[in-house]
Amino acid sequence: MHRDLTQALGAEVDEHLLEIALTHRSFAYESGGLPTYERLEFLGDSVLGLIVTAELYQRYPDLPESRLSPLRSGIVNTVALADVARTLGLGNHIKIGKGEESSGGRAKASILADSLEALFGALYIDKGFEATKNIILPLIAPLISHALERGAGLDGKTALQELVAERNLGVLEYVVTDSGPDHDKDFVAEVRVHGAVVGHGAGKSKREAEQIAATMAFAALSDRA
C-alpha cells in the first residue's frame with residue numbers, strides 16, 4: 001500500500017507502526033478515535049535530535065557549543081523537515097480528515113514535518129537506533145552539509161535580520177494574521193523588506209509562522225546574490 005514510500009525511504013517499516021505514523025489527528029477523530037502519530041512524533045523528534053547532534057559534534061570538531069546548538073536548531077526545523085518529507089512523497093500517504101484535506105493540510109509544512117518525525121519514531125521502534133541512524137543520515141545529509149553556508153546555523157529570523165542589515169536592504173517587518181478557534185488557531189506570517197513581500201509562512205503559533213516565513217525569505221534573498 002505504501003510501497004513507493006518505503007522504496008524512497010530505503011527501508012521497510014512494520015505495517016502497524018507505519019499506519020499509525022501516517023495518521024493525523026483529524027482523520028483519527030473522524031474515524032472514531034484511531035491512534036494518531038503524535039506519540040511516535042514525540043519519540044522521533046528525540047531520535048532525530050540525537051542523530052543530528054552526534055553528527056554535528058563529529059563533523060565540526062572546532063565549533064563551540066554556542067555555535068553547535070543554533071546550528072542543530074537550524075537543521076531540525078519545520079521547513080527543512082517538510083522538504084525532506086516532500087522528497088519522500090510523504091504527503092501522498094498521510095491520512096487526514098476531510099476538513100484538513102479541504103484546507104490543503106496534506107501540503108502543510110507542519111503536518112509534513114510532524115509525520116516525518118513520526119516515521120522516524122516508527123523506524124526506531126522497529127529497527128533500533130543504529131539501523132535508524134543509517135536510514136536517516138542520508139536523508140538529512142544535504143541539510144547538514146549546507147547548514148553553515150546557507151545560514152542555517154542561526155534561527156530563521158536572526159539569519160534574515162543579519163542578511164538584511166549586511167546588504168542594507170531596508171526596513172524588515174512581519175505581518176501576522178490568525179484564523180480558527182482559540183484552542184486550535186492557524187497563523188500566517190508575511191515578511192516584508194523595504195515594503196516588498198519576500199516570504200510567507202504558516203504554523204500553529206505566531207513564532208513558528210514567522211520563523212518559516214523568515215527562512216523562506218532568507219533563501220529567496222540569498223539566491224539573488
Side-chain angles (χ1 to χ4, degrees), residues 1-55 75-144 180-181 183-187 201-205 208-209 212:
M1 183 178 180
H2 303 294
R3 176 61 60 182
D4 56 333
L5 174 59
T6 55
Q7 287 180 342
L9 188 64
E12 297 293 328
V13 187
D14 176 85
E15 185 175 341
H16 175 66
L17 288 171
L18 182 57
E19 288 299 323
I20 296 175
L22 296 172
T23 302
H24 186 259
R25 65 175 179 267
S26 61
F27 181 89
Y29 176 78
E30 292 181 7
S31 302
L34 295 174
T36 75
Y37 62 48
E38 292 175 358
R39 280 174 54 84
L40 284 175
E41 176 204 343
F42 171 76
L43 176 62
D45 175 70
S46 295
V47 172
L48 176 62
L50 178 56
I51 290 172
V52 172
T53 299
E55 184 68 12
I75 296 168
V76 184
N77 63 66
T78 299
V79 173
L81 296 182
D83 283 343
V84 174
R86 292 186 185 100
T87 66
L88 296 173
L90 186 58
N92 297 327
H93 297 268
I94 302 172
K95 295 181 287 187
I96 61 177
K98 295 178 181 178
E100 194 68 60
E101 181 84 66
S102 65
S103 65
R106 195 177 297 281
K108 286 182 180 177
S110 57
I111 291 179
L112 288 170
D114 290 349
S115 187
L116 181 69
E117 289 182 330
L119 181 59
F120 291 164
L123 280 169
Y124 172 75
I125 294 176
D126 188 27
K127 302 183 180 301
F129 182 77
E130 285 300 319
T132 299
K133 181 181 72 172
N134 292 334
I135 295 167
I136 291 178
L137 274 179
L139 296 175
I140 64 172
L143 303 179
I144 297 174
H183 68 280
D184 190 26
K185 282 188 176 295
D186 291 299
F187 294 83
K204 298 303 293 184
S205 69
E208 180 185 17
I212 293 173

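- The shortest heavy-atom contact between A11 and I135 is CB-CD1, 3.5 Å.
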### Query
Going through the checks in order, is the side-chain contact (heavy atoms from CB on, under 4.5 Å) test met by L9 and L123?
CA-CA 10 Å; L9 188 64; L123 280 169; 4.0 Å; yes
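- By the 4.0 Å N-to-carboxylate-O rule, E130 lies close enough to K133 to be salt-bridged with it.
- Side-chain N/O atoms of T78 and E208 include a donor and acceptor closer than 3.5 Å.
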### Message
Applying side-chain contact (heavy atoms from CB on, under 4.5 Å) to L88 and L116, what does each step give before you reach the verdict?
### Response
CA-CA 9 Å; L88 296 173; L116 181 69; 3.8 Å; yes
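- Using a distance-only test at 3.5 Å, with no hydrogens or angles considered, no donor-acceptor pair links the side chain of T36 to the main chain of R25.
- Taken from CD1 in I20 to CD in E38, the straight-line distance is 12.5 Å, to the nearest 0.5 Å.
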### Task
Under the side-chain contact (heavy atoms from CB on, under 4.5 Å) rule, what do D126 and T132 come out as? Steps first, then yes or no, please.
CA-CA 9 Å; D126 188 27; T132 299; over 6 Å; no
### Message
side-chain contact (heavy atoms from CB on, under 4.5 Å), that's the test. Do F120 and L139 meet it? Break it down for me.
### Response
CA-CA 11 Å; F120 291 164; L139 296 175; 4.1 Å; yes
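- Closest heavy-atom contact between A82 and A113: N-CB, 4.2 Å.
- We find the CD1-OG distance between I94 and S26 to be 10.0 Å, quoted to the nearest 0.5 Å.
- Taken to the nearest 0.5 Å, the CG atom of D45 stands 9.0 Å off from the CG atom of D114.
- L22 and S115 get closest at one heavy-atom pair: CD2-OG, 4.1 Å.
- Judged by distance alone, with hydrogens and angles left aside, the side-chain atoms of S31 form a donor-acceptor pair with the main-chain N or O of F27 at under 3.5 Å.
- Between D14 and K127 no salt bridge is recorded (no basic side-chain N to carboxylate O distance below 4.0 Å).
- By the 4.0 Å N-to-carboxylate-O rule, R3 lies close enough to E12 to be salt-bridged with it.
- In this structure a side-chain-to-backbone donor-acceptor pair under 3.5 Å is missing from E55 to L137.
- A donor-acceptor contact closer than 3.5 angstrom links the side chains of H93 and D4.
- A donor-acceptor contact closer than 3.5 angstrom links the side chains of E19 and H2.
- Nearest heavy-atom pair, I96 versus R106, reported as atom, atom and distance to 0.1 Å: CD1-N, 3.5 Å.
- More than 12 heavy atoms of other residues, nucleotides or ligands sit less than 6.0 Å from atom CZ of R86.
- To the nearest 0.5 angstrom, F129 atom CZ is 4.5 Å from I51 atom CD1.
- Contact check on K108 versus E100 returns a salt bridge, with a Lys/Arg side-chain nitrogen under 4.0 Å from an Asp/Glu carboxylate oxygen.
- Taking CG from L34 and OG1 from T23, the interatomic distance works out to 6.5 Å, rounded to the nearest 0.5 Å.
- A donor-acceptor pair under 3.5 Å links the side-chain atoms of T87 to the main chain of V84, judged by distance alone.
- Atom CG of L43 and atom CD of E117 lie 10.5 Å apart (nearest 0.5 Å).
- Looking only at distances, no side-chain donor or acceptor of K185 sits under 3.5 Å from a matching main-chain atom of K204.
- Of the listed residues (L81, I75, T53), just one forms a side chain to side chain contact (heavy atoms under 4.5 Å, CB included) with L48, and that residue is L81.
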